[in-house]
Amino acid sequence: MAKISASEQKMLMLQHQMKENNLDLESFVKDMNKWEDSIKEKEKKLISEKSVNGKDLPPIRNSLKIKKKKKVKPQKDDDIQGRKPRKRISGYDYRSWDKLDIDKMCDDVDKTEKSDSSEYETDEEWEAERRKQQAAMEKDAGNDYFKRGDYTNAIESYTKGMGLDPTNPILPANRAMALLKEQKYAAAEVDCMTALTLDPLYVKAYLRLGAAQFCMKKFDKAKDTFEKVLQLEPQNKQAKFEIEKIEKEMKKEQMVTHDSLGPDVGLVKPITKPVNKRSKKPLRRLEIEEVDIEETDIRQAARSRVEESHSTQRKETESRDNQMFAKFTSPGMINAGSTQQTVQESTPVINSDISTKSQTEQQLDLSSVQNEAKTSISPRSEGKSVSPRGFSVPASSFQFQADYKVLKKDTTAFYNYLKKIDPSLYPKLFGECLDAEILMKMLSVFQKCFISAGEDYFPHMSKLTEVKRFGMTVMFFSRKEKQVLQHLFDNLKENGTISEKDLKQLKTKYEMS
């Protein structure tokens, strides 16, 4: 037998492999055909069977609620404002391109855009959107000024943006940051509170508010503000760092106050140094010049020259004031029982001297004279408690502030003073805003004096809520102040004289619910 060459052997192997591949392909095609036939049979059975167990099949889930979308037919060129359909110009038709009016086509496009926009947008919505966009532009401009360090122009840009869009909390918060850089901490505090009224969950506003309060040394309020930040973001590192910083400052203040109240207050202690650190300069004698009568004469001469330069009208008013002051400071007029009587007797004299003034100016002069008489007879200089008998019911917020400055250190006197005031007068006395110090003093008097005396303080607390910006003052109460409020509400609940509904409403106004 002849030997088979290597090339012929490769050809035989290739033919054998091709036969095997053809056999595999045929078996695969047969399987696919069988599967297709079985699927078709199953499909026929499903189509033929319209019901299962004699019942119709249920509809597809939620198919009844879904509304079918209507097919919108595309508008033809004839339907758009009655225009004729444009013919497409060939790229080689140069004559048609020369005749084409491009300006007219642009005008037609502008008209269609205006008509389309008028269908779904009103003038008010367009104006509001325009103002918001302008406010965003002002905000971006303010941010650019802030990055450059130009805080004055940044504040102006943020202010313009707030005027355009007063509902955006980012603008007052950004202006507060610029005010902090300008060291205007009170204004920054107000802006942060404005931002928080618009968005109570704005963390950056809380952080800037706490920074402003810390710079004004309101450590308790700043700590409460940063604790609110941790309630919103427990992992906020800046708030944790600021709270640690505030606690250190509070400890320093406590140490300073403790040292200042020591037994050696006012004593000058000698400085003791070791011998090697003492100064080696020789001591020298200092001559002390005594100030004699000559200097007082010089001062009196200068004062007389100034008084001579005054006008005659000013001299008359000064002499009249001196006479009036001498009447009220004379020994016979100073006694607590007859203070109001002497003021009333002297009123005709006052009115006759200032007859040219208006009636309101006379009333102001009379109230100032009464306050001077009250302060002149106050026995606080003798170390005794202030008696509220000389203090009448205040008729204005100015009179209440003057009385409060005298009575705030004596709790019993302030308690007797508050009993004279009708709670309905609180909105008039406190005016536009209620000072947090006065409010806390009144609440402490309710706690210490009203409860022990068994008197009802519910009308006082309810009328205080009618003062303007009361909610803003209560919002920033510290923990200790809220403990006083809790004690007051617990006592009202134990007494049972107030209904649960009224008590709950009052609690919500004091933010204790």
Side-chain angles (χ1 to χ4, degrees), residues 136 139-140 142-143 146-147 151 154 158 161-162 165-255 436-437 439-440 443 469-490 504-513:
K139 178 176 75 68
D140 295 337
N143 293 341
F146 186 86
K147 289 176 183 177
Y151 304 121
Y158 293 138
M162 289 170 66
D165 187 9
T167 60
N168 191 349
I170 299 173
L171 291 166
N174 287 4
R175 191 173 74 172
M177 192 63 195
L179 290 168
L180 285 172
K181 294 291 185 181
E182 291 284 324
Q183 297 182 357
K184 297 177 181 178
Y185 305 121
E189 184 182 12
V190 173
D191 279 350
C192 290
M193 292 164 71
T194 304
L196 289 172
T197 52
L198 295 171
D199 186 3
L201 303 177
Y202 195 10
V203 176
K204 286 186 179 179
Y206 278 114
L207 291 171
R208 290 163 191 175
L209 175 62
Q213 291 170 345
F214 177 78
C215 294
M216 290 189 290
K217 296 185 178 180
K218 297 179 180 178
F219 297 127
D220 293 331
K221 292 184 177 179
K223 188 177 179 182
D224 292 338
T225 304
F226 287 118
E227 284 177 353
K228 287 180 181 177
V229 174
L230 290 178
Q231 290 176 4
L232 295 172
E233 292 183 359
Q235 302 300 327
N236 195 302
K237 294 181 180 180
Q238 185 180 355
K240 291 178 181 178
F241 174 74
E242 293 294 336
I243 288 172
E244 292 176 0
K245 188 177 174 182
I246 290 166
E247 288 176 351
K248 289 179 183 178
E249 291 293 330
M250 291 172 76
K251 286 180 181 179
K252 286 182 183 178
E253 279 197 348
Q254 289 176 0
M255 293 291 290
E437 181 187 353
L439 177 60
M440 199 58 222
L443 294 175
R469 299 195 179 183
F470 169 80
M472 191 70 72
T473 307
V474 173
M475 185 188 298
F476 295 98
F477 266 8
S478 62
R479 290 181 180 176
K480 293 180 180 179
E481 293 167 349
K482 287 186 178 180
Q483 286 176 1
V484 175
L485 278 172
Q486 188 63 42
H487 184 260
L488 291 171
F489 283 117
D490 291 342
K504 190 175 180 181
Q505 288 178 355
L506 189 63
K507 271 189 172 183
T508 54
K509 289 178 182 178
Y510 279 88
E511 295 189 0
M512 292 295 293
S513 57

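Quick caveat, the model's predicted, so the values are computed rather than measured.
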Please walk me through it: do F470 and L439 pass side chain to side chain contact (heavy atoms under 4.5 Å, CB included)? CA-CA 9 Å; F470 169 80; L439 177 60; 3.9 Å; yes
Give every residue pair that meets the salt bridge (Lys or Arg N to Asp or Glu O under 4.0 Å) criterion with at least one member in residues 190-216, sequence neighbours excluded. R175-D191
I'd like to check the side-chain hydrogen bond (donor to acceptor under 3.5 Å, both in side chains) partners of E227; sequence neighbours left out, ordered by chain and number. R479
Here the side chain to side chain donor-acceptor pair (under 3.5 Å) pairs for residues 235-245, sequence neighbours left out, are E233-N236
Specify the closest pair of heavy atoms between L198 and P166, including all atoms of both residues, with the distance to one decimal. CD1-O, 3.5 Å
Can you sort out the partners of K223 under salt bridge (Lys or Arg N to Asp or Glu O under 4.0 Å), two or more places apart, ordered by chain and number? E247
Nearest atoms (heavy-atom pairs only) where P169 meets A195: O-CB, 3.5 Å
If every non-hydrogen atom of L196 is compared with every non-hydrogen atom of A205, which pair is closest and at what distance? CD2-CB, 3.7 Å
L443 vs E481 side-chain heavy atoms within contact, under 4.5 Å: no
Working to the nearest 0.5 angstrom, can you tell me the gap between Y206 OH and D224 CG? 11.5 Å
OG1 of T225 to CD of Q213, rounded to nearest 0.5 Å, is 3.5 Å
Work out which heavy atom in A176 is nearest to a heavy atom in C192; give both atom names and the distance. CB-SG, 3.5 Å
Sidechain N-carboxylate O distance under 4.0 Å for K218, E189: yes
Spatial distance of atom NE2 (H487) from atom CG (D490) [nearest 0.5 Å]: 7.5 Å
Can you find a heavy atom in the side chain of F477 that is under 4.5 Å from one in the side chain of E511? no
Distance from I246 atom CD1 to K221 atom NZ, nearest 0.5 Å? 13.5 Å
Considering only heavy atoms from C-beta outward, does the side chain of Y158 approach that of L179 to under 4.5 Å? no
Let me confirm one number: the CZ-CG distance from F226 to L209, rounded to the nearest 0.5 Å. 8.0 Å
With a 4.5 Å cut-off on side-chain heavy atoms, are D220 and M250 touching? yes
Interatomic distance, CG@L171 vs OG1@T194, rounded to 0.5 Å, equals 11.5 Å
Sequence neighbours excluded, the answer for salt bridge (Lys or Arg N to Asp or Glu O under 4.0 Å) partners of K184 is none
My understanding is that only residues two or more places apart in sequence, or in another chain, count here; which of them pass side-chain hydrogen bond (donor to acceptor under 3.5 Å, both in side chains) with E182? none
Where is the tightest heavy-atom contact between A212 and A188, given as atom of each residue plus distance? CB-CB, 4.3 Å
